[in-house]
Amino acid sequence: MSFNKKTIKDIDLHGKTVLIRADYNVPLKDGKITDDYRIKQSLPTVKYLLAQHAKLVICSHLGRPDGKPNPEFSLFPVAKRLKELLEHDVEFATDCIGERVRKTVEGMKDGDIVLLENLRFHAEEEANDAGFAKELASLADVFVQDGFGVVHRAHASTEGVTHFLPSVAGLLLEREVDTITKVMEEPQRPLMAIIGGAKIADKIEILHRFIDIADFVAIGGAMANTFLVAEGIDVAASLYDKDELSVAKDIMTKAAAKAKKQPFVFALPRDGVVASKIDRVAPTRLVDWSTHVVADIENYPKRPPAATSQIHSHEMILDIGPFSASFIAGAIQLSGTVVWNGAVGVTETKSLRDPVGPTAHGTELIVEAMLGKLGHRPFSLVGGGDTVGFVEERGLVASFDHVSTGGGASLELMSGRKLPGVEALENKE
Ligand code: 3PG
Ligand code: MG
């Protein structure tokens with residue numbers, strides 16, 4: 001099913017004052033934006049509206065300031081970055097509602113842009129307060145939802161505001177929902193899902209959905225450790241989730257039942273890179289938790305030491321090993337579509353010389369395979385959140401078919417949930 005909501009292309013916006021909800025929740029370090037992917041992805045809608053000679057009032061949240069003004073979470077750096085990227089003036093308003101904002105907006109000319117201060121400086125935003133939504137709405141003639149990353153929240157600026165203004169989708173929202181929905185509903189098969197990250201809790205629904213619809217599901221990251229423990233493997237000092245062992249067991253049972261009935265693979269890591277610290281100078285080694293994939297080769301000149309099959313008590317699994325990574329890379333070569341959400345190892349640790357960190361090689365091989373470096377190139381969909389950080393840092397965002405700007409929102413959409421910020425928009429006739 002294709003996107004059935006009206007977009008900015010379906011209505012006349014000429015000279016109108018348009019309230020745009022963006023997701024400019026970007027990471028900041030010492031007041032500087034460390035990843036501007038979300039801002040860049042908002043540009044097509046902004047440029048389209050400028051070409052319509054509209055007046056653009058843009059609003060967003062940043063972080064979780066808990067309903068109080070806090071300079072640490074100001075959108076001011078975003079206004080600066082937006083101005084640079086657009087090469088167009090962007091006025092910054094120091095609040096998102098109130099008399100001063102109203103005056104500023106009243107003084108706008110066609111083609112002017114105002115970015116409002118963080119919506120979450122008011123507790124009414126997350127409470128989806130109708131009075132607050134009405135006040136926001138009173139600034140404009142039309143509401144445009146383009147903040148895909150936040151449409152899984154029913155807040156004043158995503159759901160509430162749509163009760164007071166004609167409300168349509170922006171181009172980013174349309175592309176995100178369209179692409180992700182198509183991949184889930186009519187993928188080029190075989191469909192493969194690679195799910196990593198730290199916590200199973202965030203990914204339970206998506207795992208169930210992929211076991212239902214995919215041909216191959218590979219697990220990595222700290223999340224995989226919980227499955228390994230559920231299988232009876234000693235993961236020593238590795239991070240894992242004690243409270244989710246039964247969830248992991250249920251998922252494995254479901255996967256095994258599917259594999260009995262039809263060709264289906266549910267792959268857990270069979271080897272890993274371990275170290276006793278998360279540190280770029282900590283020595284790493286390979287372990288295969290007695291699955292004998294590392295070096296159990298009879299005629300090899302040197303027998304592998306027994307330690308290669310056991311994780312020592314002080315060690316943690318920090319990446320999938322080369323056997324597991326190659327197995328996944330091989331499956332990618334046979335896939336029509338790959339959905340990837342979550343790194344399979346600790347990718348934040350930088351190496352001294354190597355562009356790839358000591359525990360990022362598993363993720364790196366997966367990325368190379370997805371991008372066709374091994375020959376075949378499947379359609380690639382990358383889920384948002386931390387995964388994007390790694391891909392951005394490696395300068396590879398533009399190389400994938402689609403890199404989502406949404407973390408939670410893309411997971412919920414993939415899981416088959418309705419997104420309140422999308423549902424609230426007007427349907428196409
Ligand atoms: C995100 O980055 O996940 C979105 O911007 C939503 O933010 P939230 O999780 O704080 O609601
Ligand atoms: Mg979030």
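Throughout, residue positions are numbered sequentially from 1 according to the sequence presented. Just so you know, ligand 1 is whichever comes first in the structure, and atom 1 is the first atom listed for that ligand.
- The pair Glu393-Lys350 counts as a salt bridge, with a side-chain nitrogen and a carboxylate oxygen less than 4.0 angstrom apart.
- The shortest N or O to N or O distance between His152 and ligand 1 is not below 3.5 Å.
- With hydrogens and angles left out, the side-chain atoms of His122 and Asp95 include a donor and acceptor closer than 3.5 Å.
- A salt bridge is defined here as a Lys NZ or Arg NE, NH1 or NH2 lying under 4.0 Å from an Asp or Glu carboxylate O, and Glu125 with Arg21 meets this definition.
- Asp212 has a carboxylate O that lies under 4.0 Å from a charged side-chain N of Lys254, or vice versa, which qualifies the two as a salt bridge.
- When each atom of ligand 1 is checked for a heavy atom of Asp23 under 4.0 Å away, the hits are 4 (C), 5 (O).
- For His61, the heavy-atom gap to ligand 1 drops under 4.0 angstrom.
- If you number the atoms of ligand 1 from 1 as listed, the ones under 4.0 Å from a heavy atom of Arg64 come out as 8 (P), 9 (O), 10 (O).
- Within ligand 1, the atoms closer than 4.0 Å to a non-hydrogen atom of Arg120 are 7 (O), 8 (P), 10 (O), 11 (O), numbered from 1 in the order shown.
- The ligand atoms of ligand 1 that sit less than 4.0 angstrom from a heavy atom of Arg153 are 8 (P), 9 (O), 11 (O).
- Ion pairing between Lys6 and Glu429 holds under the 4.0 Å rule for side-chain N and carboxylate O.
- Looking at ligand 1, you won't find any N or O of His155 less than 3.5 Å from one of its N or O atoms.
- Ion pairing between a basic and an acidic side chain is recognised when a charged N comes within 4.0 Å of a carboxylate O; Lys9 and Glu174 show no such pairing.
- Heavy-atom separations between Gly149 and ligand 1 include at least one value shorter than 4.0 Å.
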